[in-house]
Amino acid sequence: MRQLQGMDASFVALETPTSPMHIGSILIYNPETAPGGFVRFKDILGFFESRMQLSKTIRQRLVRVPFELDYPYWIEDPDFDLEYHVRHVALPKPGDWRQMCIQAARIFARPLDLTRPPWEFTVVEGLDNIPGVTPGSFAMVTKVHHAAIDGMSGIDLMEAMHTLDPNEAAPNAPDEWKPEKIPNPIELLGKSYLSALTNPMKQLEVAAKAAPGLANAIKGLATQDFKVSSDMIAPRSRFNRKISSGRVVEGRSVPLADIKAIRALVPGAKVNDVFLAIVGGALHRYLTEKDDLPKATLTAMAPISVRSKGEKGDMGNQVAAMVAPLGTHMEDPLERLQFVHDKTVNSKAMTDAMGARNMTEMSKVSPALFMALGAQLYTRLGLANRVGPPFSTVVTNVPGPPIPIYSSGARLESMMGLVCLTDGMGLGHVVQSYTDEATISFTACRKLLPDPEFYIQCIQNSFEEYRDLAKAVAEGTVQAPASKASVKKTPAKKAAARKSTAKRPAAKKAPAKKAAAKKTAAKANTKAAPRKAAASKATTKTQRKPKAASKSRTGSKRTTKT
């Protein structure tokens, strides 16, 4: 029996009928690599059963302490039933991508039964009319409670349910798993009493560990290693309200090579900066069309994994958070990418100064009763409609396997991440990489975002705008922005600047040159790559569902339905 920690317990406390706190994915498999080129449902059950010993998550369930006086516990479920957790459905005719997303949204909207191991895998057949997907393929909609896994440990669970070779044999080692007795309420109350006695000491220990990080943060502010600006304060938007129980999901796959080419537009930019800028451009388009775009930039919570190598297979969450402004107030994509890069560098410096690991450890000593009461009051009082959000949306980047993997002998063709929502956070994004592609997907409240087809088109158009701009820069028809290395060195030269008054006029002229350079680049960009018209025209050729517009593994081109 093992007790949950603070962040894991918060996901249990936040669970409501309208806010099920599980994460998951849509996985699409091609059975042509399986024996006989066909996979039956009982083959999937047998495959999972032979590999259950490789995952700690599969057979553990939660036991909650009476009156929420302490954090819940994990125990090995004595009543585990694999067939309850692995289910089987089929799409109605014609079996297209829209029906797949609707079915996945319905499955994902239903809360998990927390009296059982908190996960479900639903096998979906009938994918007969999805462009780019081989006929006879099947999908798997996965749901795992966020208390059990974060993005990185979720990958570990997926690795346990997959192989590197379609013909790989089951593990040879015997399964030594043993169920545990469910503790009675008296035992749990006794444990909660002991925990209450030791918790003050734990709080002092965490405070002592956090003190150097706080000192570093104060020092960093004083030396201007990073800044706390108004751009990090999220404005209210249509997505930051109380949510309903309905969900919508969608996603598109893009080549990782294009993302790396876009990254070269701004010196020093990271792949994650590109995805944040693409989401920022999509939100700019969507909210402009709705005449609901805030003047200030929307922000994203970007999770940061602090899981060490020794914790790779552990259950639970080892993540900290970074606030990333998305540049939704900017129309120019180059300016937006530069803005996002500058702000993420600033946010990373702030997170590093405080210590991402310390931020995670502090959540482990929050009193369980106060956490549960606070979560329930936030929902019941409808505070999401009254209090400003800490951030506008979530953009989490989950790296997947760089090589093909297989389940029951069937090759995994594409991965699309799904994320949980809470009151005040009605839209979340997942970037899931796999082999040479990445899928940008979103999960949203159906009431707050009733037109998922339009929003995914905004994401597609935002990506294509950056892709075409990167091509234009590579061809030399558009000038890339200059490096900002000189700007970063400015604080170090302040003392010299104060002594030499003759150098001040030259320093004042630099911003003007920079503005002129940006203006020139913007004009050239307008001539060389007409963004809106070209992007909408190119969409009919390149828009795709996950794994859809890339070449298939047999070499034929894949097309998609617009």
- Item | Quiz item: cation-pi between R236 and F239, 6.0 Å / 45° |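 So R236 doesn't make the cation-pi contact.
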- Could R116 and F80 be counted as a cation-pi pair, given that NZ or CZ must be under 6.0 Å from the ring centre and within 45° of the axis?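 Ring-cation test returns no.
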- Query: Do the non-hydrogen side-chain atoms of K295 and H329 ever get within less than 4.5 Å of each other?
  - Reply: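 They are not in contact (no side-chain heavy atoms under 4.5 Å apart), so the answer is no.
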Are the charged groups of [X] and [Y] less than 4.0 angstrom apart, N to O?
X    : Y    : value
E76  : R59  : no
K343 : D231 : yes
R411 : E413 : yes
E289 : R285 : no

- Query: More than 12 non-hydrogen atoms from neighbouring residues, nucleotides or ligands closer than 6.0 Å to CZ on R238, yes or no?
  - Reply: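 It does: R238 CZ has more than 12 such atoms within range.
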- Message: Please verify the inter-ring angle class for W119 with H85; under 30° counts as parallel, over 60° as perpendicular, anything in between as tilted.
- Response: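 Parallel, since the angle between the ring planes stays under 30°.
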- Message: For F121 and F48, take the angle between the two ring planes, folded into 0 to 90°, and tell me which bin it lands in: parallel under 30, tilted 30 to 60, perpendicular over 60.
- Response: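 Geometry flag for F48 against F121: perpendicular rings.
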- Query: Is the F11-H22 ring centre distance short of 6.0 angstrom?
  - Reply: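 No, they do not, as the ring centres are separated by 6.0 Å or more.
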- Non-hydrogen atoms of F463 and P255 that approach each other most closely: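 Looking at all heavy atoms of both residues, the closest pair is CZ-CD, 4.2 Å.
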- Any side-chain donor-acceptor pair under 3.5 Å between Y466 and R336?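 Side chains of Y466 and R336: pair found under 3.5 Å.
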